[in-house]
There are 2 protein chains.
Amino acid sequence: MTLSVVSVTVDLVLLTIREGKLQVLLIRRGIPPFEGAWALPGGFVLPGEDLGDAAARELSEETGVRPAHLEQLGTYGSPERDPRGRVITVAYLALLPDLPAPVAGTDAADASWRPVPFTGLAFDHDRILADGVERARSKLEYTPLATAFCPPSFTIAELRAVYETVWRTRLDPRNFHRKVTGAAGFVETTGESVIRDRGRPAQLFRRGSATLLHPALLRPGLGSAQGGRSATDC
Amino acid sequence: MTLSVVSVTVDLVLLTIREGKLQVLLIRRGIPPFEGAWALPGGFVLPGEDLGDAAARELSEETGVRPAHLEQLGTYGSPERDPRGRVITVAYLALLPDLPAPVAGTDAADASWRPVPFTGLAFDHDRILADGVERARSKLEYTPLATAFCPPSFTIAELRAVYETVWRTRLDPRNFHRKVTGAAGFVETTGESVIRDRGRPAQLFRRGSATLLHPALLRPGLGSAQGGRSATDC
DNA sequence: CACGCTTAGCGTCATGTTGACGATAATAGA
DNA sequence: TCTATTATCGTCAACATGACGCTAAGCGTG
């Protein structure tokens, strides 16, 4: 049996909502291949390092934040994906609130948030980014992960803005309010209230303890069609 | 930056339903490490071979069947998972009908179907198997993948037996019939009918064209609890 | 300070989905 | 023919959903 020796990297799809748009953290590559192109942040897995630890380390290096949520997205290993040789990458997905410090101490050439969709990335990162966005869209349906985009306390309207931004849809504020407050463990009230724009003050909420939404918040529109085939299908 | 050179394998979680039980294909290891222990089938990725291709090749080698469905399950890369050194594995999940030929030309010591749950596997395969079973359970909810366990044509009762076996639940035959025939594109009638056990003859169906079930068939019982944290979470 | 603008949050209603379960149909075997 | 057994259709109450009316509670302005 021929033993294939390869290099392994982790790449991060870091999503946030800034200026009302879904954005992804990209770095501009300072070295070949794809010098000057935008790419997902990432790096080689260190010897003796677990994959999830490598992803958390990269996340910390890039943003300085402790991840509210970091999940494995998929592994990409096409033989031609890296001109330097056989490099497979394990992609991770994280959802972050709008960070106060734009991008903390980063070792990359330069890093910045870019609105998605964004194409022309190095390697197969277009595909990885697309898979990450689709994963995020679908996870908002049946998990309370939308709160990962929010600060510790937030209003229902702000949570709704997360859904509207990620799903690129408009949701009825009254029905949304009913469903969010009705889903067990999604959010819990803090007792405080604030005035965000104009109008009546809104209650502040924090994340609840549920890990799964019941009932789920299904995306409107797509009756039974869609079914975006993901990279993990064969 | 220290470049970590590792070996990459693919491992397969092949699930089927035999004798009314959910079973997984295991091989008995003929060489160290874990000589004599049961393990998931798998092998090294060949140079120049894509990950999905490697999984499909292993599947073909083990079972001789063309996969009805083969999806990436996750990647496992703990530094201690293989005593021989740094080996990370990309796990794939396939759901198969009860194969006529038990296990076709296999190169492994010996291979056989074992009922799940089954523990004591080599490496971290206990974990991978558990993740695969949980993935299969959850995919039955919102995809028509249960038909992958069935032969080309099947009765509603046989499809229900798939759900009952995988979910370890009992389902109401009348409600199940209504939901399956009501979900657009799940199954389509062939016009034929057969007598399986005793009783009234049942219509035969084949898979429909849908890739997503609408509405979904949710597992009964688990109100909002569960939330099995998967290996891909961090 | 009254008025209108704006957003929050509650209520209503028709429709669709779900679980529980009754009723009937169609076969084999006694 | 009768009975056991399974398939399939129907009914009903409880709940979820989308569309949308209505009131509450702030602000700014004249």
Side-chain angles (χ1 to χ4, degrees), chain A residues 20 140-142 150 153-164 167 169-206 210 212-224, chain B residues 20 140-142 150 153-164 167 169-206 210 212-224:
Chain A
L140 291 205
E141 293 193 320
Y142 55 94
C150 297
S153 73
F154 50 86
T155 68
I156 299 290
E158 288 163 346
L159 185 61
R160 175 164 50 84
V162 168
Y163 276 90
E164 293 183 333
W167 284 351
T169 319
R170 206 121 295 269
L171 300 173
D172 184 282
R174 298 157 290 188
N175 291 338
F176 183 83
H177 188 282
R178 177 184 58 192
K179 287 164 80 165
V180 166
T181 54
F186 192 175
V187 297
E188 46 190 49
T189 176
T190 65
E192 297 168 280
S193 62
V194 289
I195 298 165
R196 289 306 197 197
D197 272 320
R198 289 153 299 207
R200 173 175 170 177
Q203 279 187 276
L204 280 176
F205 294 82
R206 55 173 160 263
L212 241 46
L213 290 188
H214 185 78
L217 284 101
L218 297 178
R219 270 178 280 187
L222 28 81
S224 72
Chain B
L140 292 206
E141 292 192 320
Y142 56 96
C150 296
S153 73
F154 49 86
T155 67
I156 300 290
E158 288 164 346
L159 186 62
R160 176 164 48 86
V162 167
Y163 277 89
E164 293 183 334
W167 283 351
T169 319
R170 206 120 295 268
L171 300 173
D172 183 282
R174 299 157 291 189
N175 292 336
F176 184 83
H177 189 283
R178 177 184 58 191
K179 287 164 82 165
V180 167
T181 55
F186 192 175
V187 297
E188 46 190 49
T189 176
T190 66
E192 298 168 279
S193 62
V194 290
I195 300 164
R196 289 307 197 198
D197 272 321
R198 289 154 299 208
R200 174 174 169 178
Q203 278 187 275
L204 280 176
F205 293 83
R206 56 173 159 263
L212 242 46
L213 290 188
H214 185 78
L217 283 102
L218 297 177
R219 269 177 282 188
L222 27 82
S224 71

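Values below: every heavy atom of this structure, side chains too, minus hydrogens, waters and symmetry copies. Just so it is clear: chains get the letters A, B, ... in the order the sequence lines come, proteins before strands, and each one is counted from 1.
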Subject >> Bounds of contact between DNA chain C and chain B, in 5' to 3' order, using a heavy-atom cut-off under 4.0 Å >> reply: C/dT18 to C/dT27
Original post:
5'-most contact on DNA chain C: A/T155 or B/P201, nearest heavy atom basis?
Top reply: A/T155
**OP:** Mind listing the closest non-hydrogen atom pair of B/V187 and B/I156 along with its distance?
**Re:** CG2-CD1, 4.5 Å
Subject >> Presence of B/H177 side-chain N/O under 4.0 Å of D/dA7 phosphate oxygens OP1/OP2 >> reply: no
Original post:
Where do B/P201 and B/S193 come nearest, in terms of heavy atoms and distance?
Top reply: CB-OG, 4.3 Å
Original post:
B/Y163: what forms a ring pair (Phe, Tyr, Trp, His ring centres under 6.0 Å) with it, not counting sequence neighbours?
Top reply: B/W167, B/F176
**OP:** Decide yes or no for A/F186 and A/L159: does some side-chain heavy atom of the first lie under 4.5 Å from some side-chain heavy atom of the second?
**Re:** yes
Original post:
Within this structure, what is the CZ-to-C1' distance between A/R198 and D/dT29, rounded to whole angstrom?
Top reply: 14 Å
Original post:
When every nucleotide of nucleotides 16-23 of chain D is labelled 5' to 3' by its protein contacts under 4.0 Å (heavy atoms), B for base, S for sugar-phosphate only, - for none, what sequence of letters results?
Top reply: -BBBBB--
Original post:
Could you give all pairs that pass the side chain to side chain donor-acceptor pair (under 3.5 Å) test and reach residues 181-192 of chain B, with sequence neighbours left out?
Top reply: B/E188-B/R206, B/T189-B/Q203
**OP:** Any salt bridge (charged side-chain N to carboxylate O under 4.0 Å, His left out) involving residues 153-164 of chain B? Give me the pairs, sequence neighbours left out, ordered by first then second residue.
**Re:** B/E158-B/R196, B/R160-B/E164, B/E164-B/R170
**OP:** Would you please name every residue forming a side-chain hydrogen bond (donor to acceptor under 3.5 Å, both in side chains) with B/R178, sequence neighbours left out?
**Re:** B/N175
